[in-house]
Amino acid sequence: MQWEIVIGLEIHAQLSTRSKIFSGASIAYGARPNSQACAVDIALPGVLPVLNQGAVERAIKFGLAIDAKINSPSIFARKNYFYPDLPKGYQISQFERPIVEGGHVSIQVGDREKTIRLTRAHLEEDAGKSMHEDFHGMTGIDLNRAGTALLEIVSEPDMRSSAEAVAYAKTLHSLVRWIGICDGNMQEGSFRCDANVSVRPLGTEKLGTRCEIKNLNSFRFLERAIDHEVARQIDILEEGGRIIQQTRLYDADRDETRSMRSKEDAQDYRYFPDPDLLPVVISGEWIEHAKKSLPELPEDKRSRYVKQHGLSAYDASVLTVTRELSDYFDQTVEMLPGQGKLSANWIMGEVSGRLNKEGLEIAQCPVNPEQLAGLLRRISDGTVSGKMAREVFDSIWSGEGNDADAIIAAKGLKQISDDSEIEKLVDDVLIAHPQQVADYQSGKEKAFNSLVGQVMKVSKGKANPAQVNSILKRKLSE
Amino acid sequence: MLINASLKQLSLLLSEKKISSVELTSEFLARIQTLNSGLNAFITLDEEKSLAQARDADEMIASGRSMPLTGIPLAQKDIFCAQGWLTTCGSKMLSNFVSPYDATVIERFNQAGLVNLGKTNMDEFAMGSSNETSYYGPVRNPWDLSAVPGGSSGGSACAVAARMAPAATGTDTGGSIRQPAALCGISGIKPTYGLVSRYGMIAFASSLDQGGPMAKSAEDLALLLNLMVGFDERDSTSLQRDIEDYARDLEKPIEQLRIGLPKEFFAEGMSTDVASAIEAALDEFRKLGATFVDISLPNSKLAIPVYYVLAPAEASSNLSRFDGVRYGYRAAQYTDLENMYKRTRAEGFGEEVKRRILIGTYVLSHGYYDAYYLQAQKLRRLIAKDFTDAFQQCDLIMGPTSPTVAFDIGEKCDDPIQMYLSDVYTSAASLAGLPGMSIPVGFGKKDRPVGLHIIGNYFKEAQMLNAAHRYQQVTDWHHRMPSDVKA
């Protein structure tokens with residue numbers, strides 16, 4: 001039987017606020033256990049939550065970026081359950097009236113574009129951490145993370161393969177960093193995915209029973225966990241079995257998923273509106289303010305690149321992987337009007353390649369957009385060839401010089417483009433190599449390339465190859 | 001006589017340096033020493049701390065930095081977190097909890113130079129109407145040691161009634177300031193919800209809890225309210241309003257005052273002794289020039305059932321933090337995490353608290369939420385609307401605070417429903433978020449005190465205090481004190 005895979009993702013993005021969502025404690029990563037847990041985070045008797053407006057503002061920005069509805073008033077609710085790293089015995093989250101409802105993003109899978117719909121995005125606080133090692137059979141609790149602001153982003157079950165799921169996760173990962181609401185650091189848990197996976201016979205409407213896979217903290221794990229889960233479900237179904245709705249945990253070490261709890265153990269969270277927090281009223285003014293503070297969004301940039309700079313959809317999507325890369329491109333091309341394609345090729349090729357090789361981010365690139373534009377200008381006006389330009393690029397990269405023109409002059413890399421100078425070189429070569437001339441004239445085409453090579457050699461590679469070609473051709477036919 | 005002096009008189013003595021705060025504090029501490037063993041009004045006393053504060057207050061006065069009420073000792077309900085003080089909330093669960101921080105209310109009193117006399121007994125987590133649910137044992141009514149003082153602020157009411165403290169703090173969720181004030185023959189006011197910060201006040205039912213003062217007279221209440229009320233950015237439900245002087249209108253004539261008498265509050269349920277004391281009090285108001293309007297609060301009969309859905313619902317969640325993990329009581333023996341939770345909470349909470357956690361958990365559960373919690377929220381709005389309509393016709397609403405005088409210790413212990421009905425008149429105003437107060441207006445059966453309940457419109461505390469003060473100028477019930485504790 002042909003099976004169709006159905007995937008929906010829940011993504012927890014840690015918001016880049018300086019302090020926690022309901023207290024003034026810092027959220028800096030890696031501090032000594034419990035050194036960043038204040039009275040509110042520890043849930044001492046009598047303490048109360050106060051909403052961090054910065055978290056709300058970030059959620060609004062996200063909602064605007066995905067073209068969603070911003071709910072006002074938005075309501076905070078308590079999700080009640082007992083766990084040692086949940087200090088209050090409830091998590092402040094949102095249930096009815098989440099701050100962001102609906103919306104969509106478009107993802108690129110290969111050369112295909114697809115729209116994924118979002119269900120909602122809501123604000124909530126993170127729990128602390130339980131540490132089971134080093135405590136001699138006991139458990140240590142670190143509440144530094146407790147109360148950190150999270151945006152839980154829930155998609156519709158719109159994805160049909162692990163590749164689409166990864167593309168969607170990457171798109172959101174890029175977007176939240178793009179609009180500056182989350183640092184996207186997956187190792188530190190700033191961006192975590194849970195996947196809801198089910199399969200159904202191709203062509204049927206009814207959704208299959210789903211399993212939720214938790215703890216997916218890399219795109220690779222996301223892909224592998226989904227592939228495993230899909231295979232597991234199909235195996236069960238093809239052997240006449242039945243999928244049991246459950247939560248499964250991905251074990252990266254063993255590369256498998258295993259059951260955490262089934263639906264029968266599902267807790268009743270007894271959600272109810274948190275009486276300690278007033279409904280959040282979001283004025284049109286606030287939304288306008290957030291709108292103004294949003295940068296040009298990746299989708300808008302992509303279509304502008306295609307329209308304004310004549311880039312392919314693929315190139316446009318590569319350049320908009322991060323806001324920093326696209327800014328680099330924007331700054332370069334601003335100084336080089338009409339050279340969008342040349343700039344794109346260099347940034348995606350030479351610049352990105354070198355960055356990858358050295359493990360650097362674009363922000364750390366030793367060649368700044370102004371320097372790159374200076375270099376590319378000399379390619380476009382014929383001063384240097386592509387090959388020479390790479391040499392100049394290396395020099396700027398390694399700090400030998402600051403400016404392409406200075407390096408070209410200092411190294412004497414300037415291309416010979418003067419017709420009379422090239423004619424003189426050609427004449428010299430023709431006199432020095434009568435045999436090749438004779439070969440060419442007797443119909444041996446290969447001899448022409450050899451003559452070009454000789455001209456380039458005597459010019460130390462500086463002669464403009466196009467001009468050498470045409471002058472040589474003219475001279476040989478004279 | 002010092003122990004029966006008003007706050008105004010005590011302040012004058014202090015500012016004129018006729019008495020020091022240390023002397024005043026010592027006098028009350030000495031009375032507590034004598035009387036507390038019989039009354040059990042205080043859970044925690046710390047002479048050293050109290051006297052240190054008194055010395056600081058004397059210094060403030062000496063250096064001309066004194067503020068209104070600087071140097072006055074005050075009994076604090078043990079629901080308010082006070083730094084360095086054991087703060088138990090009347091529960092075994094917090095029997096070892098020394099608060100590392102001050103509640104906003106405590107902080108405001110400290111800044112004004114008032115002295116913390118000690119932490120008063122209360123029903124466990126403020127759940128009770130008789131002070132019998134306290135882990136620290138029942139408080140006795142100073143007017144009759146076989147009677148309850150009311151609850152949950154029973155320790156505070158008892159302390160003021162027995163003149164062990166000039167005044168005290170209380171908190172009121174469904175009547176916990178007003179009912180014990182009535183049963184102990186003192187004055188108490190629960191302000192409009194949101195006026196007094198809840199930060200550091202251990203939560204029972206967050207949408208209802210409100211702190212307020214308990215004292216001998218309306219005048220004292222006004223002065224204390226001036227210190228307690230104020231916006232607090234640490235409490236999201238705290239209201240941002242202009243500061244007002246609650247004593248400003250105390251002396252105003254009340255000739256234009258229209259008093260609404262809800263027919264529902266004067267119907268069956270009210271005992272005859274209470275009814276006659278209330279009638280007599282209303283007569284005084286008539287003599288002062290007030291007029292009476294018959295009003296109706298048709299949904300107020302639903303207040304008790306609505307209250308006993310919503311308050312336990314919030315409480316069941318608020319009390320989840322008491323899990324033995326980070327502070328407070330933890331069972332000595334347990335086998336694993338779940339067993340630790342179960343034993344800790346089984347051993348740490350008393351019966352009434354467990355009963356309310358169970359009710360609250362039930363009404364929030366999947367499948368019951370709509371029928372109970374949501375339905376109760378809708379009714380809560382209807383109850384509030386009744387008051388809004390009523391206040392179109394009158395300025396204040398009056399009636400009995402409690403249907404009976406103080407009952408005997410043990411009398412209602414085994415009948416939670418009868419106990420819950422103690423708040424039949426007070427819980428409606430709580431659900432509406434309205435200010436309510438109780439003042440002493442005489443005595444009923446067995447010479448036990450009767451309280452008059454006054455409900456005002458939102459933010460009309462000054463008007464309520466004005467009416468109460470005018471009444472207290474022509475009566476002396478608020479000056480009376482129990483004879484056998486006069487010593």
Side-chain angles (χ1 to χ4, degrees), chain A residues 21-24 34 37-53 75-92 95-96 127-128 130 132 137-143 146 266-281, chain B residues 79-81 87-89 91 93-94 97 99-104 125 197-203 205-209 232-238 310 313-314 316-328 337-338 340-341 345 360-369 373-374 377:
Chain A
I21 184 167
F22 299 117
S23 86
N34 298 311
C38 70
V40 173
D41 306 325
I42 301 171
L44 286 183
V47 297
L48 296 170
V50 176
L51 179 59
N52 182 335
Q53 301 295 311
I75 311 275
F76 281 97
R78 293 183 182 180
K79 180 180 181 179
N80 295 282
Y81 65 97
F82 284 98
Y83 204 72
D85 60 24
L86 187 74
K88 294 186 291 295
Y90 58 84
Q91 177 195 30
I92 305 179
F95 190 56
E96 280 166 353
S130 296
H132 302 291
M138 294 192 290
T139 298
I141 307 290
D142 177 6
L143 296 177
Q267 302 193 45
D268 180 354
Y269 291 120
R270 291 175 281 119
Y271 279 101
F272 74 106
D274 191 333
D276 286 333
L277 291 161
L278 301 174
V280 185
V281 177
Chain B
I79 200 168
F80 289 102
C81 287
T87 300
T88 71
C89 222
S91 181
M93 192 57 99
L94 289 176
F97 177 69
S99 177
Y101 78 105
D102 280 328
T104 298
F125 287 107
S197 169
R198 292 188 296 114
Y199 187 79
M201 197 177 103
I202 299 174
S206 312
S207 74
L208 296 154
D209 295 344
D232 181 7
E233 59 181 13
R234 291 175 297 189
D235 174 1
S236 306
T237 60
S238 168
L310 297 181
E314 294 181 19
S316 71
S317 175
N318 281 333
L319 269 57
S320 292
R321 66 187 59 198
F322 305 112
D323 59 5
V325 173
R326 299 167 313 287
Y327 52 78
L337 175 67
E338 191 170 317
M340 189 279 281
Y341 282 147
R345 289 168 68 82
T361 303
Y362 180 82
V363 300
L364 289 175
S365 296
H366 185 71
Y368 298 98
Y369 180 86
Y373 182 83
L374 265 193
Q377 287 290 26

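Heavy atoms closer than 4.5 Å to chain A are found in the backbone of B/Ala313, but not in its side chain. With a 4.5 angstrom heavy-atom cutoff, A/Asp276 touches chain B via backbone and side-chain atoms both. Of the atoms belonging to B/Tyr368, not a single heavy atom falls under 4.5 Å from chain A. With a 4.5 Å cut-off on non-hydrogen atoms, B/Leu337 touches chain A through its side chain but not through its backbone. With a threshold of 4.5 angstrom between heavy atoms, A/Tyr81 does not approach chain B through any atom at all. For B/Ser99, no part lies near chain A; criterion is any non-hydrogen pair under 4.5 Å. If you measure heavy-atom distances from B/Phe97 to chain A, the contacts under 4.5 Å come from the side chain alone. Of the two parts of B/Asn318, the backbone and the side chain both hold a non-hydrogen atom closer than 4.5 Å to a non-hydrogen atom of chain A. Interface remark: B/Leu94 contributes side-chain atoms only to the contact with chain A (heavy atom separation under 4.5 Å).
Judged by distance alone, the side chain of B/Arg321 and the main-chain N or O of A/Pro87 form no donor-acceptor pair under 3.5 Å. Side-chain N or O atoms of A/Asp268 include none that pairs as donor or acceptor with a backbone N or O of B/Ser365 at under 3.5 Å. With hydrogens and angles ignored, the 3.5 Å screen pairs no side-chain donor or acceptor of B/Ser320 with any backbone N or O of A/Phe82.
Using cut-offs of 30° and 60° for the angle between ring planes, the A/Phe272 and B/Tyr373 rings count as perpendicular.
Atom CG of A/Leu277 and atom OG of B/Ser236 lie 5.0 Å apart (nearest 0.5 Å). Here the straight-line distance linking atom CG of A/Asn80 with atom OG1 of B/Thr361 works out to 8.0 Å at 0.5 Å rounding.
By number of non-hydrogen pairs under 4.5 angstrom with chain A, the leading residue of B/Glu314, B/Glu233, B/Met201 is B/Glu314. Chain A forms the most heavy-atom pairs under 4.5 Å with one residue out of B/Ser207, B/Gly200, B/Gly328, and that residue is B/Gly200.
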